[in-house]
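Here's the structure we're looking at; comments come further down.
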Protein chains: 2
Amino acid sequence: MTTADPESSDNLHAVFALPPGRALDICLNIQTALLEHKLAPGVKLSEDEVGEIYGVSRTVVRAALQALAHSNLVTIRKNRGAFVAEPSIREAHEVFQARALIEPAVARMAAQAMTDEQLAGLKAHLEAEHVALHKEDMGRALFHSGGFHTAIAEIADHRVFTSMVRSLISRSSLIIALYWKRSDTACESHSHHALMRAFELRDAAMAESIQKSHIIDLHSGLDLREKPRGDSSLSAALGRTG
Amino acid sequence: MTTADPESSDNLHAVFALPPGRALDICLNIQTALLEHKLAPGVKLSEDEVGEIYGVSRTVVRAALQALAHSNLVTIRKNRGAFVAEPSIREAHEVFQARALIEPAVARMAAQAMTDEQLAGLKAHLEAEHVALHKEDMGRALFHSGGFHTAIAEIADHRVFTSMVRSLISRSSLIIALYWKRSDTACESHSHHALMRAFELRDAAMAESIQKSHIIDLHSGLDLREKPRGDSSLSAALGRTG
DNA sequence: TGCCCAAAGATTGTATACGATCGTGAATTG
DNA sequence: CAATTCACGATCGTATACAATCTTTGGGCA
C-alpha cells in the first residue's frame with residue numbers, strides 16, 4: 001500500500017517552491033481538491049474564508065494562493081481576489097500540445113530506468129483508478145489517472161521534466177472539468193495498460209510512441225469549439241422573461 | 001527601436017503570475033539583474049535589505065521573493081531567508097536537456113509563423129548582443145542572448161512553451177554563471193546567425209535542427225564535472241596559515 | 001588549548017490593523 | 001420606466017508588531 005499511496009507529499013512541495021509549513025499544506029490540499037474535481041473552475045477563494053477553514057491568518061493564505069497562481073491553478077485579479085482558474089480554449093490546446101511533446105520523451109526515459117518495484121507502483125496506480133471508476137467516483141479516478149502520469153515522470157528521475165509534467169497535469173484537470181466531452185472513460189484504461197506492457201518490456205521506443213498517441217487521444221477527447229459561453233449569451237438565450 | 005527593446009515588460013509578468021504592482025517590479029528587477037550576472041548565485045537576499053532598496057515593506061518583498069523562488073531563481077530556506085539559487089550539476093544537465101527538447105520544437109513553430117517585422121525584431125536582439133560583446137559587457141551580452149531565445153518563443157505564439165522557455169533561460173543564466181568554461185563567446189553569434197538564415201527562409205525543419213544543435217553545443221560548453229566546491233575544500237586549499 | 005554550551009542578536013514566520021479599491025444596491029433624475 | 005450616480009459594504013493591498021527560530025559569540029570546563 002505504501003508504494004501505491006499517491007497522496008504522499010514526500011517531495012511534492014518541489015512544485016510550489018515553498019518551505020514546509022502550513023502554506024504548503026494548504027496548497028497541497030487545494031491542489032488535491034482540484035485534481036479530484038471537488039473544486040470547480042471559477043470558484044472564488046476568499047482569503048478570509050480559506051483562512052478560517054485552515055485556522056490561519058490571511059498572510060499564510062496569500063502565500064498559498066500566490067503559489068497556486070504561479071502554477072496556473074488559480075487566477076489572482078487585482079483587488080478582486082483569487083479564483084480557481086478557468087483555462088481558455090487556447091490554453092487547453094497549448095497544454096496538451098506541451099504534454100504531447102514532453103510526456104512521450106519522459107516515458108522513454110522512464111522505460112529505460114524502470115525497476116520491478118516501480119513497475120509495481122505504477123500498477124497500483126492503475127488499480128486505484130480502476131477501483132474509483134468502479135465506484136463511479138470520477139473525481140478520484142481522474143486523480144489517480146493523473147497520479148499515473150506523474151509517477152512515470154518520477155521514475156524518469158528528471159526533476160525539471162517532473163515539475164513540468166506535474167504542472168501540466170494539474171492544469172489538465174481543470175481543462176477536463178471544463179471541456180471534456182467523451183462519456184466513455186474507459187479510454188484511459190486501454191492506453192494506460194498498453195503503456196504498462198511497454199514498460200514491462202523495457203521498450204523505450206514503444207513507450208514513447210504509446211504515450212504520444214495517448215496524449216493526442218486525450219486532446220481529441222475535449223470539446224474545444226468556441227461556444228457562446230458566459231452571460232453575454234444569457235440574455236439572448238432566455239429571450240424576454242415570462 | 002521599440003521593436004527591439006528587450007526590457008519591455010509588456011506581458012513579462014505572465015511568468016510570475018502576480019498582478020501588476022510593486023511586487024512584480026521587484027521580481028523583474030531582480031530577474032534582470034540575474035540575467036545580466038549582476039547578482040551572483042548564493043548571494044543572500046535579506047527581506048529588510050531588499051525592502052529598503054525598493055522602499056517597500058517586507059510584505060511586498062516576500063511576495064516577490066516567493067515568486068522568484070517558484071521560478072527556481074531563488075531558494076528560500078526556512079528561517080534562513082532567500083538566496084540566489086545555486087543550480088546543482090544535475091539541475092544544470094536537466095535544464096539543458098529540457099531546452100534541447102522544447103526549444104527546437106518552438107523554433108519550428110516560430111519559423112512557420114515568422115513575419116518580416118518579427119524577423120527584424122530578432123535581428124535587433126542579435127545586434128544588441130553584438131554591441132554588448134564589443135564593449136566587453138558580458139553580462140549584458142548574455143542578457144540579450146537570452147532575449148533572442150525568448151523572442152523566438154514569443155513569435156511561436158505559444159504561451160505555455162514561452163513560459164517554459166523563459167523559465168529555463170533564466171535558470172540557464174545562473175548555470176552559466178557557475179559552470180561556464182568556454183572562453184570564446186563567439187560561438188553564440190554563429191549559431192544565432194545560422195538560425196536567422198533558417199528563419200529568413202521560413203525553413204521550419206532547418207530552424208529546428210539548428211536550434212537543437214545550438215542547445216547541445218551550449219550544454220557542452222559547461223564544465224559539469226563534480227568538483228570539491230565550497231568551503232570544505234577551503235581549509236585544504238589554504239593549508240596552514242603563514 | 002580545544003570543545004561544548006548558553007545567552008544575545010539578528011532574521012524570518014505569523015498575526016493583526018488600517019487604508020485603498022472595487023462591486024452592489026438604492027435613490028434620484030430625465 | 002430606464003439609466004445614471006452615489007454611498008455603503010466587502011475584500012484586498014500594505015505596513016507594522018510580536019513570536020519563533022537560527023546564528024553567533026563569549027565564557028566555562030575538561
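The shown structure was predicted, so the numbers you read here are calculated from the model rather than taken from an experiment. Naming: A, B, ... by sequence-line order, numbering from 1 per chain.
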Take the protein atom CZ of Arg58(A) and the nucleotide atom P of dT11(D), then report the distance between them rounded to whole Å. 11 Å

Between dT14(C) (P) and Asp25(A) (CG): distance, integer Å: 11 Å

One should read off an interatomic distance between Arg62(B) CZ and Arg62(A) CZ, to the nearest 0.5 angstrom, of 12.5 Å

Does the plane of the ring in His93(A) sit parallel, tilted or perpendicular to the ring in His219(A)? Use 30° and 60° as the thresholds. tilted

Any side-chain donor near an acceptor of the partner, Glu86(A) and Thr75(A), under 3.5 Å: no

Please give, in whole Å, the distance from dA15(C) P to Glu52(A) CD? 13 Å

Under 4.0 Å between a side-chain N or O of Arg80(A) and OP1 or OP2 of dC12(D)? no

Report the nucleotide, chosen from dC12(D), dT12(C), dA15(D), that has the shortest atom-to-atom distance to any side-chain atom of Asp48(A). dC12(D)

Nearest-angstrom distance from the residue atom CG of Leu45(B) to C1' of dT12(C): 14 Å

Considering only side-chain heavy atoms of Lys44(B), which listed nucleotide, dC12(D), dA15(C), dT11(C), is closest? dT11(C)

Taking for Ala82(B) and for Lys78(A) the nucleotide of DNA chain C with the nearest heavy atom, the one nearer the 5' end belongs to Ala82(B)

Look at the side chain of Arg22(A) and the base of dG13(C), then say whether one donor and one acceptor between them are separated by less than 3.5 Å. no

Considering just the side-chain nitrogens and oxygens of Ser57(A), establish if one lies under 4.0 Å of OP1 or OP2 belonging to dA15(C). yes

Walk me through whether Tyr54(A) and Asp25(A) qualify under side chain to side chain donor-acceptor pair (under 3.5 Å). CA-CA 9 Å; Tyr54(A) 293 99; Asp25(A) 295 338; over 6 Å; no

Take the protein atom CD of Glu49(B) and the nucleotide atom C1' of dA10(C), then report the distance between them rounded to whole Å. 13 Å

Taking CZ from Arg62(B) and P from dA17(D), how many angstroms apart are they, rounded to a whole number? 17 Å

What's the closest nucleotide to the Thr59(A) side chain, out of dG13(C), dA15(C), dT14(D)? dA15(C)

Under the rule for side chain to side chain contact (heavy atoms under 4.5 Å, CB included), what residues qualify as partners of Arg90(A), not counting sequence neighbours? Ser88(A), Glu94(A), Asp157(B), Arg159(B)

Atom pair distance, as rounded to whole Å: CD in Glu47(B) and C1' in dA15(D): 14 Å

Counting side-chain heavy atoms from CB outward, which of dC12(D), dT12(C), dA15(C) is closest to Val56(A)? dA15(C)

Between dT14(D) (C1') and Asn79(A) (CG): distance, integer Å: 11 Å

